[in-house]
Amino acid sequence: MWTFLSLYNGPSTISNNCSSPVESGSMEDSKTNLIVNYLPQNMTQEELKSLFGSIGEIESCKLVRDKITGQSLGYGFVNYVDPKDAEKAINTLNGLRLQTKTIKVSYARPSSASIRDANLYVSGLPKTMTQKELEQLFSQYGRIITSRILVDQVTGVSRGVGFIRFDRRIEAEEAIKGLNGQKPPGATEPITVKFANNPSQKTSQALLSQLYQSPNRRYPGPLAQQAQRFRLDNLLNMAYGVKSRFSPMAIDGVTSLAGINIPGHAGTGWCIFVYNLAPDADESILWQMFGPFGAVTNVKVIRDFNTNKCKGFGFVTMTNYDEAAMAIASLNGYRLGDRVLQVSFKTNKTHKA
DNA sequence: TCCCATT
């Protein structure tokens with residue numbers, strides 16, 4: 001499972017003879033800057049900072065999130081002040097198990113346009129082909145950063161599809177030219193090699209399918225119908241990258257009609273109270289629900305200290321009032337699984353179950 | 001026919 005550990009030996013092995021003029025990024029921080037992969041979906045930037053801050057002083061820390069939905073993309077960067085701490089972090093935190101994930105900690109390559117979009121999707125592989133054999137096939141075209149063969153969740157047998165990430169995009173391009181439509185040694189069928197989908201486009205697909213598979217089974221009052229339409233439009237807009245067209249004026253009308261109180265502080269954003277979450281609810285569902293309505297800066301599921309199960313509610317912080325109001329108008333009464341959510345601005349009063 | 005590796 002940890003074959004990729006051997007694939008990357010740190011920045012000293014990065015080839016520096018790239019002919020591309022784009023390759024001019026600075027290398028001086030390569031001994032302090034780490035990339036952390038395979039983070040649990042619900043891990044926050046604060047938790048990342050906290051975990052790596054236990055090693056030594058952090059210069060900067062960033063969890064990479066989807067620009068539109070705010071959902072974690074499962075990886076981040078940690079830049080230490082002292083290179084020794086970076087090294088220590090690799091030695092002590094690489095391979096650490098967090099929930100269902102095993103995180104990978106390695107030196108970040110210098111950021112450069114030439115290393116982007118270097119991920120290939122490979123299908124039609126012989127079911128017997130191992131990850132090592134896959135690497136051997138592709139290694140002639142460049143330096144492999146990661147490789148993976150997808151397996152059936154239940155049987156564990158190869159699905160015949162996998163991924164190869166090269167160090168540089170031109171290497172990936174060459175691999176496509178050389179291997180797409182070719183039969184690997186001993187194989188009876190040709191393989192397909194193409195660039196992998198962009199991770200950010202998947203979010204839109206997920207939202208669209210979420211949209212189609214969540215028929216509205218709530219009680220449709222006039223306001224609810226209005227809110228439902230808003231949510232639909234927002235999800236569609238988001239999926240197609242179109243900016244929301246709803247004006248703050250209209251939102252204010254809705255909120256005042258609904259009799260919502262003036263919410264709590266707007267200092268760090270607008271805090272939204274979400275009630276009736278399932279015991280296994282996690283942060284990602286809050287990102288998914290609220291992200292489409294605008295800038296979300298924080299989500300939190302309140303859990304029981306002992307069982308770690310959600311206590312039925314959580315909070316979402318949104319930057320802009322109109323977007324928060326739209327989210328509330330749209331999501332209050334939203335049916336999540338077999339539960340109908342209550343969504344409102346957080347008040348100072350204690351909520352009772 | 002898609003595993004979350006470039007801020």
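Residue numbers begin at 1 in each chain, while the letters A, B, ... track the order of the sequences. Excluded from the calculations below are hydrogen atoms, water molecules and symmetry mates; all remaining heavy atoms, backbone and side chain alike, are included. Values in this document were obtained by computation on a predicted structure and should not be read as measured data.
Checked against side-chain hydrogen bond (donor to acceptor under 3.5 Å, both in side chains), A:Asn91 has no partners two or more places apart in sequence or in another chain. With sequence neighbours excluded, the residues satisfying side-chain hydrogen bond (donor to acceptor under 3.5 Å, both in side chains) with A:Glu283 are A:Arg303. When the ring pair (Phe, Tyr, Trp, His ring centres under 6.0 Å) test is applied to A:Tyr121, the partners found at least two apart in sequence or on another chain are A:Phe163. Not a single side-chain hydrogen bond (donor to acceptor under 3.5 Å, both in side chains) links A:Asp280 to another residue, sequence neighbours left out.
Between A:Arg165 and B:dC4 there is no side-chain polar atom (N or O) within less than 4.0 angstrom of OP1 or OP2. Phosphate proximity of B:dC2 to A:Lys194: absent, as no side-chain N or O sits under 4.0 Å from OP1 or OP2. Contact annotation: A:Arg65 does not reach the phosphate of B:dT7 (side-chain N/O to OP1 or OP2, under 4.0 Å).
Here B:dC3 presents its P atom at 6 Å from CG of A:Leu150, a figure rounded to the nearest Å. Across the protein-nucleic acid pair, A:Phe195 atom CZ and B:dC4 atom P stand 20 Å apart, rounded to whole Å. A:Ile164 places its CD1 atom 14 Å from the C1' atom of B:dC2, with the value rounded to the nearest Å. The distance from atom CD1 of A:Ile115 to atom P of B:dA5 is 12 Å, rounded to the nearest whole Å. Rounded to whole Å, the distance from NZ on A:Lys62 to P on B:dA5 is 17 Å. Computed from coordinates, the A:Ile191 CD1 to B:dC2 P distance equals 16 Å when rounded to whole Å. Atom pair A:Leu39:CG and B:dT6:P shows a separation of 13 Å (rounding to whole Å applied). As a whole-Å value, the separation of A:Leu63 CG from B:dT7 P is 14 Å.
Taken residue by residue, residues 119-128 of chain A places heavy atoms nearer than 4.0 Å to DNA chain B at A:Asn119, A:Tyr121.
Between A:Leu51 and A:Leu98 there is a side-chain heavy-atom pair separated by less than 4.5 Å.
Taking only distance into account, the side chain of A:Arg116 never meets the base of B:dT6 through a donor-acceptor pair shorter than 3.5 Å.
With B:dA5, B:dT7, B:dC2 as the candidates, the nucleotide lying closest to the side chain of A:Asn197 is B:dC2. Of the candidate nucleotides B:dT7, B:dC2, B:dT6, B:dT6 has the atom lying nearest to any side-chain atom of A:Arg109. Here the side chain of A:Lys104 is nearest to one of B:dC4, B:dC2, B:dA5, namely B:dA5. If you check B:dA5, B:dC3, B:dT7 against the side chain of A:Asn33, the one that comes closest is B:dT7. Residue A:Thr146 places its side chain closer to B:dA5 than to any other of B:dT1, B:dA5, B:dT6.
With hydrogens and angles left out, the side-chain atoms of A:Ser284 and A:Gln41 include no donor and acceptor closer than 3.5 Å.
Residue pairs meeting the salt bridge (charged side-chain N to carboxylate O under 4.0 Å, His left out) criterion with at least one partner in residues 46-59 of chain A, sequence neighbours excluded, do not occur; the list is empty.
When the nearest nucleotides of DNA chain B are assigned to A:Ala196 and A:Asn37 by heavy-atom distance, the more 5′-ward of the two goes with A:Ala196.
The residue from A:Phe345, A:Phe273, A:Trp270 that alone fulfils the ring pair (Phe, Tyr, Trp, His ring centres under 6.0 Å) condition with A:Phe315 is A:Phe273.
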